[in-house]
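Residue numbers begin at 1 in each chain, while the letters A, B, ... track the order of the sequences. What you see is a predicted model; the values in this text were computed from it and never measured.
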There are 2 protein chains.
Amino acid sequence: MNLETAALILSKIGNPTRLRIVRLLVRAGDQGLPVGAIQKKLKIPGSTLTHHITHLKNAQVIRQERQQATLVCKMEYGQLAKLVEYLTEECCADEVGSENRG
Amino acid sequence: MNLETAALILSKIGNPTRLRIVRLLVRAGDQGLPVGAIQKKLKIPGSTLTHHITHLKNAQVIRQERQQATLVCKMEYGQLAKLVEYLTEECCADEVGSENRG
DNA sequence: ACTATATTACTAGAATTATCGAATTAAATA
DNA sequence: TATTTAATTCGATAATTCTAGTAATATAGT
């Protein structure tokens, strides 16, 4: 994980609609959630939803698995973990002032 | 902290230039860093830097304090802490699947 | 094959964001 | 007051992003 990738992921989840999608998927857990189910919850046009899903997929924040007719969206927890690790190591702690913050 | 605010902050730090600024400021610690010092490190025009600083200020990710002739930028750690708290409580854990994630 | 459901692709206008030069404001100092 | 240093505002342009309608594609059941 480098700075550019971290910024990319942050910018992708830094959109209200996409953050809602992420929240739904995290809460759905390992079984994921079909696109149609997300659409019903968010009440937005399919084309708009696909646009956002494409963003999240491209940044590898989520992935999709086909189950018969429906495509199930799932979180890419590994990518999120790497992001948190990067932010923790690169942008936080281990430098001047980090002890006197609390 | 609500979803919209969280998304706003994420989008602001989800820009490579602004993430660099944040990284510099976190590493600078409580003493912060003058705008001019940031400019020297990032090597970008002042107007561009101000543009990004304005974004970070508006989202309360950083604040500025005047010290004589120079304006010192400092992290707003509180805001970051609230963001992490929101993400942890709203978007992670405490739901199906969070235990089996390894 | 036909139909319904699920999802993506194409397309375009609106809105937002990024960049940076030039002019401007603010503070310190001669 | 004039000058220098520090930083912002203004204004223009380019690039990206958001939204959503319409058309197309894929899958499952009849």
Gap between atoms [atom1] and [atom2], on [X] and [N] respectively (whole Å):
X: A:H51; N: C:dA12; atom1: NE2; atom2: P; value: 17 Å
X: B:I44; N: C:dC20; atom1: CD1; atom2: C1'; value: 10 Å
X: B:R66; N: C:dA28; atom1: CZ; atom2: C1'; value: 11 Å
X: A:R63; N: C:dT7; atom1: CZ; atom2: C1'; value: 19 Å
X: B:Q68; N: C:dT29; atom1: CD; atom2: C1'; value: 13 Å
X: B:I13; N: C:dA18; atom1: CD1; atom2: P; value: 13 Å
X: A:L71; N: C:dA9; atom1: CG; atom2: C1'; value: 14 Å
X: A:K12; N: C:dT17; atom1: NZ; atom2: P; value: 14 Å

Below 4.0 Å: OP1/OP2 of C:dT19 and any side-chain N or O of B:H52: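 Yes, B:H52 has a side-chain N/O under 4.0 Å of OP1/OP2 on C:dT19.
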
Among C:dA18, C:dT7, C:dA9, the one nearest A:P34 by side-chain distance: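 The answer is C:dT7, which lies nearest to the side chain.
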
Trace of the side chain to side chain contact (heavy atoms under 4.5 Å, CB included) decision for A:I13 with A:I21: CA-CA 9 Å; A:I13 62 178; A:I21 295 172; over 6 Å; no

Heavy-atom neighbours of B:Q68 CD exceed 12 at 6.0 Å: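 Counting neighbours around CD of B:Q68, 12 or fewer heavy atoms of other residues, nucleotides or ligands fall under 6.0 Å, so no.
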
Side chain to side chain contact (heavy atoms under 4.5 Å, CB included) evaluation trace for B:I38 with B:C73: CA-CA 9 Å; B:I38 298 174; B:C73 299; 4.1 Å; yes

With a 4.0 Å cut-off on heavy atoms, is [X] in touch with a base, just the backbone sugar-phosphate, or nothing at all?
X: B:G46; value: base
X: B:Q64; value: sugar-phosphate
X: B:T70; value: sugar-phosphate

Salt bridge (Lys or Arg N to Asp or Glu O under 4.0 Å) involving A:E65 - partner list, sequence neighbours excluded: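 Once residues adjacent in sequence are excluded, the partners of A:E65 under the salt bridge (Lys or Arg N to Asp or Glu O under 4.0 Å) criterion are A:R63, A:K74.
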
Closest-nucleotide 5' rank along DNA chain D - winner of A:P45 and B:Q39: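 Closer to the 5' end of DNA chain D: B:Q39.
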
Minimum heavy-atom distance B:L10-A:G14, with the two atoms named: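 Shortest heavy-atom contact: CB-CA, 3.6 Å.
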
Where chain A begins and ends its contact with DNA chain D, read 5' to 3' at 4.0 Å from heavy atoms: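 Contact span on the strand: D:dC18 to D:dA28.
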
Among B:R20, B:K57, B:R18, B:K12, side chain to side chain donor-acceptor pair (under 3.5 Å) partner for B:H52: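 The single option meeting the side chain to side chain donor-acceptor pair (under 3.5 Å) with B:H52 is B:R18.
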
Criterion side-chain contact (heavy atoms from CB on, under 4.5 Å) against B:Q64, the qualifying member of B:L56, B:V35, B:V72: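 Of the listed options, the one satisfying the test is B:V35.
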
